[in-house]
Structures are given as structure tokens and as C-alpha cells.
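Notes follow the structure.
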Amino acid sequence: MAMARMRRGVGLVTVAALGLAGCGSDPEPQPAPATAPAPTAGRQFAPGAAGIGDAYFPSYGNGGYDVGRYTVKVRYDPATDRLTGTATVQATATADLSAFHLDLAGLTVRKVTVDGAPARHAREADELVVTPAAGLTAGNGFTAEISYGGKPEPLANEVLGEGGWLHTTDGAIALGQPESASTWFPVNDHPSDKATYDVEITVPKGLTAVSNGVPKGRSDADGWTTWKWSEAAPMASYLSTVVIGDYRVETGEHKGRPVFSAVSTKLGKGAADASMARTTEVADYLESVFGPYPFAAYGGVVVADERIRYALETQSRPVYGAGFFQGGENTGVVAHELAHQWFGNSVSLAKWQDIWLNEGLATYAEWLWAEHRGTGTAQAAFDRRYAGSSSRLWQTPPAEPGRQNLFSESVYQRGGMTVHALRVAVGDPAFFKILKAWAAEKRNGNATTDEFVAVAERVSGKQLDKLFAAWLHGTERPPAPKRI
């Protein structure tokens, strides 16, 4: 994930889940992508759709444009729980637009411009509707700048509970899946519209403010500190994060990339710090089986807030709930979240129904990591689940889980079992070629289950329809896998 699972005893149990005031200087307007002006005569301009059309979450995202880059500058005062910000959205119209929507929950918009000209704006629940002074022509780039502020609140998601901006005793955490970003900046909030990000977070001096990607330095002024971050690889909006508070920070470099990890000072130095210190070791092993690490930075953040009882693969720097480390060092959850950097982050969902592609492969990465460490084989992990899993596991198809079962045992465990069934069917040489081909061919993009099946068949040279039909779409326990 989205949501990882905390360890209790020898099993993996899903933990009940989900559950910046003044803004430095406003950002300089960014130029829109260079495109030749298109004639407008005879064109019919219309508002873009208020949803991207996802079958499970039809209202998520927005239609009519594609975002290339977000520049988000926020200032947050934990003492008052007030945030102010300016977001610059560089996008390309994919239709002739008279207006377009952005997702923004709760915060008050002060001003909007499009290509430097004042634009009208209105609120429709958690939608910001922007009407530019002139229509936006399909194929042309445009830049929208939104100034906003208020008291950020989490979203009550019908599947997961609270997600988004959470005020904490020492700062804030912005986190959640399948939605969270719209609680702190205006966004096209669906993973099918990935973009690059530059983020600046201004907080009272003495606090740490962590986000995604490469750290770009910090500066102090008048009792405030501005932390700068940049994610140059396309990122789905739910993978964006902000963590503000009192944290122990460890920095370094690995393979020419910066390493930045942070652990809440509410936790005594111990298992969480030791687990974060092994991040690059785990990443190096996964690189050997999945192909090159896909991002420009490494790291992790461990938070100490009882509402965060999960781990999320926020891009380049996963966030972990403290409970994962109560029993000691836990590199299994690190392997799960780092595997998502390939499967879920670099190769992202085109639609939420296919979330097993994220969670099944990340679950299998845990089994591979255990196999690599000599603490158990993937075959043994498969056999335990195959023999002892509940009937519900088989009744819920991982590739058709339904919205209510988006983070169910089937998506994770049967998803992982599907990956192992593929390994058994095609043999190790072809299997690991499939994983590397999938990561390489879909890098920085979006993908579907059908595309995964096609890559597996092409690389292995085998017909796999029956295998995937049984393991991904069937409602009964499939026969034990065997070599095809």
C-alpha cells in the first residue's frame, strides 16, 4: 500500500487503520509547458469532469487535464493548528476546458490565477472549481496558482477511516490511502495522474519537517525553519507525505543518493532506529531481484501516534507506525514498504481495483527477504497459508476485491500466493525475468492486471490464462501450483 500489516506472533494481522499559519513567500509562477497556441474559433469549451471515473472511487481525481508538476509551499504552526499555503499546478489540458476541478478538502481558498490572470473559483464540497478568464485549449499547457489556508482536517474514508492531515502533540502527519493529499494542497487526487513535486514546509524553529524525495536544504528566519524537498520522479498523490515534529534524524549517502531517516523522539532509541538503519541493505537485496532502485533518495520515518497503526510506502521514504517495532528489529515490514518503491510507486495503479499488483508483490518481497536471510522459504510461507487460510481468503478474488475489501487478507496474502504460483509454474529463471521486465517496462507509469499477465506470458513463453483466472478471479481455493 498502502497498508502494511503488523506482526503478532508468527502471523501477519491487519491492524485497524486510518485512521502548515503564514506561508513564507509565495512561489514564483512557473512557466507552463511550451506548446504552440491552438486556434479557438469554433471550439466548444466545457467544464472538466469532477471525477476521473475509477470504478471503485468514481469521485476521486478530475478529468480534462494532466498534471506535470506541483510546487507546494506551506507554513504550519502546531500551536494553533493553522496552515497557509500556495500551490502551483503545472498541467496540460486534455480537452477544451471552460473550467476544471481540483480536489481540496476543507481549506479556504483566498486567490486563484491561471497563467497569471485572475480566475474565478468556487467550492463544491471537497472540490475546488476553477474558471479561468479564457478557455483552455486541448494540448496546451497552463499554470494554476492557488493561495489557501485554514485548519486542516482528515478525511473520513468509508473504507479505511481517517486519512490525511492529522494534528499531533508535537506537529502533524499527512498520510493515508487511497486519499490524503487533498487535505493539505489542491491536487488531482488519483494515482493515474502522476506528477513531480517540489515541497517547502515552514515550521517553528526546532521542529523537523520531512517530505518525499531529495532533501534540498533548510533555512532559518525569524524563529521559523523552511525545509525543502524535491521528488523528480512521477509520484501518485496518495504517496505524498508531510511529517512534522520532534524527530531523531540520520543522514548519509548510498550509491550516490542521499539517505534521510527520522524516528520520533517519543520512542527510545532502539529497534525502530536499527530497522531504519538497514533500509539500504534491504533495498540493495530487492534491487538484485527487481532491477535498479527507481528513485533518487532512500529513507524512512517512524511516527509515534496511536492513530498510525500501519505502514505506508510514501515515495522514497516510507512512513511506519511505531507498533511494528515493539517486538524488536523488524526488517520484514521494511522489505514490504521498500518493495512498493518498485511495485506501487514506480509502477503505479491505473485503477484501484488492481491494488493486488501492489500488495501481492510487496507481500512476496517479504517472503523473498526471509528466504534471502535464511529464516524461511517462500515455498514454506505459501504452504502455511495454502493449508490454513480461512474460507474468506478464497471467496474474495484479489483482482476483484470490491471497495470494502481493498485492503483485505485476499489482496495481500492471496496476492502473494498468486505471485508464488507464477514462480512455480514458470520456474525461477523466467520468474525473476518477469519481475525485472515488469519494473523496467512500466517504470514511472501506470499499469493494470491484464498488462501484468501479458508481460508474464511474453517473458515466460507460456500460456497463463488458467493460472491467473484461478488465483486472481476464482472464488474457490485453486489446485496447488505446479510447473507448466
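Note that the numbering runs from 1 along the sequence shown for the chain. Scope of the values below: all heavy atoms of this structure, side chains included, with no hydrogens, waters or symmetry mates.
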**Request:** Given salt bridge (charged side-chain N to carboxylate O under 4.0 Å, His left out), test E451 with K442 step by step and report yes or no.
**Result:** CA-CA 10 Å; E451 290 173 316; K442 303 297 182 180; 3.4 Å; yes
**Asked** Where do L393 and T396 land on the side chain to side chain contact (heavy atoms under 4.5 Å, CB included) test, with the steps shown first?
**Response** CA-CA 6 Å; L393 181 79; T396 303; over 6 Å; no
**Request:** Test salt bridge (charged side-chain N to carboxylate O under 4.0 Å, His left out) on D305 and K266 and set out the steps.
**Result:** CA-CA 9 Å; D305 189 291; K266 296 176 185 176; 5.7 Å; no
**Message:** Checking R317 against Y298 for the side-chain hydrogen bond (donor to acceptor under 3.5 Å, both in side chains) test, could you report, in this order, the C-alpha distance in whole Å, the side-chain angles of both residues, the deciding distance, and whether it holds?
**Reply:** CA-CA 6 Å; R317 193 161 291 108; Y298 301 91; over 6 Å; no
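With ring centers used as reference points, F382 lies 6.0 Å or more from Y364. Not less than 6.0 angstrom separates the ring centroid of F468 from the ring centroid of H473. Between F290 and F343, the ring centre distance stays below 6.0 Å.
Remark: side-chain polar atoms of D103 are paired, donor with acceptor, to backbone N or O of D189 under 3.5 angstrom. No donor-acceptor distance shorter than 3.5 angstrom exists from the side chain of S180 to the backbone of G164, with no hydrogens or angles considered. Between the side chain of N330 and the backbone N or O of V333, at least one donor-acceptor pair lies under 3.5 Å. R414 places a side-chain N or O within donor-acceptor distance of the main-chain N or O of W471, the cut-off being under 3.5 Å. Checking side-chain atoms of N446 against main-chain N and O of L349 turns up a donor-acceptor pair under 3.5 Å. Using a distance-only test at 3.5 Å, with no hydrogens or angles considered, a donor-acceptor pair links the side chain of Y386 to the main chain of A480. Judged purely by atom type and a 3.5 angstrom limit, Q463 uses its side chain to pair as donor or acceptor with the backbone of D465. Formation of a donor-acceptor pair under 3.5 Å by the T449 side chain with backbone atoms of D354 is not found in this model. Put simply, the side chain of R392 never gets that close to the backbone of S408: no donor and acceptor are under 3.5 Å apart. Counting only distance, with no hydrogens or angles, the side chain of W342 and the backbone of P292 share a donor-acceptor pair below 3.5 Å.
Of the charged side-chain nitrogens involved, at least one lies within less than 4.0 Å of a carboxylate oxygen, so that K255 and D284 count as a salt-bridged pair. A salt bridge does not link E162 with R309: every distance from a Lys NZ or Arg NE/NH1/NH2 to an Asp or Glu carboxylate oxygen is 4.0 Å or more. Under the 4.0 Å criterion applied to side-chain N and carboxylate O atoms, E287 and K436 are not assigned as salt-bridge partners. Under 4.0 Å is where a charged nitrogen must lie from a carboxylate oxygen, and between D198 and K216 no such pair does.
The shortest heavy-atom contact between D54 and Y56 is OD1-N, 2.9 Å.
Side-chain atoms of R69 and T71, non-hydrogen and from C-beta on, do get closer than 4.5 Å to each other. Counting heavy atoms from C-beta on, the side chains of P178 and Y238 never come closer than 4.5 Å. Counting heavy atoms from C-beta outward, T183 and E153 have side chains that stay 4.5 Å or more apart. Inter-residue side-chain proximity for F295 and S346 is flagged as met; some heavy-atom pair is nearer than 4.5 Å.
Using bins of under 30°, 30° to 60° and over 60° for the plane-to-plane angle, the ring pair F452/W438 lands in the perpendicular bin. The aromatic rings of W227 and W229 sit parallel, their planes meeting at an angle under 30°, below the 60° perpendicular limit. A tilted orientation is assigned to the rings of W369 and Y285, their planes being inclined by 30° to 60°.
Using modelled atom types, one finds no donor on one side chain facing an acceptor on the other under 3.5 Å when comparing T448 with D450. Under 3.5 Å, the side chains of N212 and S316 contain no donor-acceptor pair of N or O atoms.
Stacking of R257 on the aromatic ring of Y293 is not recorded, the 6.0 Å distance cut-off and the 45° axial limit not both being met.
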